[in-house]
Amino acid sequence: MSNALFTPIELGRLHLKNRIVMAPMTRSRAIGNVPNELMVKYYAMRADAGLIITEGVAPSPNGLGYTRIPGIFSEAQVQGWRHVTDAVHEAGGKIFIQLMHTGRICHPLNMPAGAQILSPSAIAAQGEMWTDGSGQQPYPSPIAMSESDIMRAITEYTEAARRAIEAGFDGIELHGANGYLIDQFLNTASNQRGDRWGGAIENRIRFAVEVAQACAAAIGADRVGMRISPYGVFNCMVPDTEMDAMYERLIAELNRVGLVYIHVVDHSSMGAPEVSPELKAKLRAAFNGKYILSGGYDLARANADLEANRGDLVAFGRPFISNPDLVQKLQHESPLTVPDMATFYTPGEKGYTDY
Ligand SMILES: Cc1cc2nc3c(=O)[nH]c(=O)nc-3n(C[C@H](O)[C@H](O)[C@H](O)COP(=O)(O)O)c2cc1C
């Protein structure tokens with residue numbers, strides 16, 4: 001069998017010891033939205049990955065849509081993350097932080113006092129989300145962002161990028177996937193604006209591109225990647241007929257910014273529509289930086305896709321939850337432990353640091 005997954009690779013200024021990426025996964029262990037010692041242990045246990053991408057982390061109190069997710073806008077959060085990055089580096093790993101602004105995917109009961117529920121248009125997502133205080137609650141109606149709200153959000157991402165470097169991260173991943181704020185701008189189901197931030201493709205991609213540009217200017221484009229989910233339906237996103245054209249245009253703009261990677265989500269293994277192999281190949285050919293594959297990978301498929309040059313790195317999500325030693329297990333072709341879904345988002349060490 002091919003050994004491609006275990007070969008080293010350069011990512012911007014980083015040397016990665018293998019091509020195995022730990023996919024970003026929200027685990028809701030950050031009581032009070034501050035990273036803690038349990039999280040230090042969790043990430044350090046998984047430092048054999050070539051690159052860890054953290055769970056989604058809010059760049060602003062307005063982005064703290066889920067319960068117990070961490071932020072990176074306060075001093076206490078920066079200090080907490082510093083312990084995480086130190087421990088991962090000491091264990092020989094590299095770590096990017098995923099900046100996730102939840103936008104309309106939130107509930108006021110999960111958010112600090114004074115936080116605002118913002119989205120490109122005042123369209124609520126359909127359905128409900130978990131709150132610790134009152135169980136399942138319907139998604140609230142967001143406020144359509146004003147020009148100054150948009151400018152402030154871009155500044156918050158930029159400040160978060162600076163703080164990430166201060167906290168010792170090797171780089172940042174902008175969460176442009178799965179129906180969160182950046183994706184809410186990209187998608188016509190959540191963006192029905194008539195100004196320069198909505199409507200035509202060049203307007204809908206503007207927020208993604210400006211956030212990428214501002215973060216790249218702050219910390220260097222070689223330390224900024226973006227995650228995207230073409231044809232994703234999570235969080236009420238709806239594919240439209242311009243989807244291929246929009247992502248091709250977005251990739252062209254991200255090339256201009258010089259982003260270090262794109263990380264393409266294909267959640268067909270989780271029941272989402274498949275991203276066509278044609279579009280994936282087009283994005284792969286068009287993008288100048290590294291390409292991270294993700295979604296339902298096992299050892300054989302990961303090696304096959306790397307051998308076929310469909311990507312440069314492969315992200316593993318759920319397998320990393322229940323196999324902190326995933327790299328060794330893949331290397332020795334040992335059987336993998338199946339994760340317990342019931343503890344994906346529960347507080348405490350059970351299902352988190354006890355596998
Ligand atoms: C518990 C859990 C939490 C997740 N949280 C995030 C997240 O915060 N950000 C993100 O981009 N994707 C998130 N995902 C999606 C994963 O990154 C990944 O794309 C998905 O699990 C498919 O990969 P897999 O088949 O290897 O698990 C999450 C997935 C799971 C299972």
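For ligands, and for the atoms within them, numbers begin at 1 and follow the listed sequence. These figures come from a predicted structure and were not determined experimentally.
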Colleague: Which of the numbered atoms in ligand 1 are under 4.0 angstrom from any heavy atom belonging to Asn178?
Modeller: 10 (C), 11 (O), 12 (N)
Colleague: Hey, looking at atom 18 (C) of ligand 1, which of Glu173, Met341, His267, Met270 has the closest heavy atom?
Modeller: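 It is His267 whose heavy atom sits nearest to atom 18 (C) of ligand 1.
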Colleague: If hydrophobic clusters are built by linking Ile, Leu, Val, Met, Phe, Trp and Tyr wherever their side-chain heavy atoms come under 4.5 Å apart, do Val78 and Leu99 end up in the same one?
Modeller: yes
Colleague: Any idea which heavy atoms bring Pro230 and Leu283 closest together, and the distance?
Modeller: CG-CD1, 4.3 Å
Colleague: Rounded to the nearest 0.5 Å, what separates atom CD in Glu349 from atom OG1 in Thr343?
Modeller: 11.5 Å
Colleague: Measuring from atom 16 (C) of ligand 1, which candidate in Ala302, Pro24, Gly317 has the nearest non-hydrogen atom?
Modeller: Pro24
Colleague: Of all the heavy atoms in Phe320, does at least one lie under 4.0 Å from an atom in ligand 1?
Modeller: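 Checking ligand 1 against Phe320, which is what was asked, there is no heavy-atom contact under 4.0 Å.
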Colleague: Heavy-atom contact check, 4.0 Å cutoff: does Gly295 meet ligand 1?
Modeller: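 Yes, Gly295 has a heavy atom closer than 4.0 Å to ligand 1.
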Colleague: Using a 4.0 Å heavy-atom cut-off, which part of Val265 comes near ligand 1: side chain, backbone, both, or neither?
Modeller: neither
Colleague: Holding to ring pair (Phe, Tyr, Trp, His ring centres under 6.0 Å), I want the full list of residues that pass it with Phe320, two or more places apart in sequence or in another chain.
Modeller: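 Checked Phe320 against ring pair (Phe, Tyr, Trp, His ring centres under 6.0 Å); zero matches.
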Colleague: Heavy-atom contacts with Phe344 under 4.0 Å: which atoms of ligand 1 show up? List them by number with element.
Modeller: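 So the atoms of ligand 1 that pass are 1 (C), 31 (C).
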Colleague: Can you confirm whether the side chains of Arg227 and Ser294 place a donor and an acceptor under 3.5 Å from each other?
Modeller: yes
Colleague: Is His175 in polar range of ligand 1, meaning some N or O pair under 3.5 Å apart?
Modeller: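 Yes, His175 has an N/O under 3.5 Å of an N/O on ligand 1.
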Colleague: Does an N or O from Gly296, backbone or side chain, lie closer than 3.5 Å to an N or O of ligand 1?
Modeller: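 Gly296 vs ligand 1: N/O contact under 3.5 Å present.
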Colleague: Identify, by atom number and element, the atoms of ligand 1 in contact range of Ala23, meaning under 4.0 Å from any of its heavy atoms.
Modeller: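 Heavy-atom distances to Ala23 below 4.0 Å select 17 (O).
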Colleague: Does the N or O separation between Tyr297 and ligand 1 drop below 3.5 Å for any pair?
Modeller: no
Colleague: With a heavy-atom distance limit of 4.0 Å, tell me whether Phe316 approaches ligand 1 through its side chain, its backbone, both, or neither.
Modeller: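 Only the backbone of Phe316 comes within reach of ligand 1.
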Colleague: Arg227 heavy atoms, cut-off 4.0 Å: which ligand 1 atoms fall inside?
Modeller: 10 (C), 11 (O), 12 (N), 15 (C), 16 (C), 17 (O), 18 (C), 19 (O)
Colleague: Is a salt bridge present between Arg284 and Asp312, judged by a nitrogen-to-oxygen distance below 4.0 Å?
Modeller: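 Counted as a salt bridge, because a side-chain N and a carboxylate O are separated by less than 4.0 Å.
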Colleague: Has Glu147 got more than 12 heavy atoms of other residues, nucleotides or ligands less than 6.0 Å from its CD?
Modeller: yes
Colleague: Kindly confirm or rule out an N or O of Thr26 lying under 3.5 angstrom from an N or O of ligand 1.
Modeller: yes
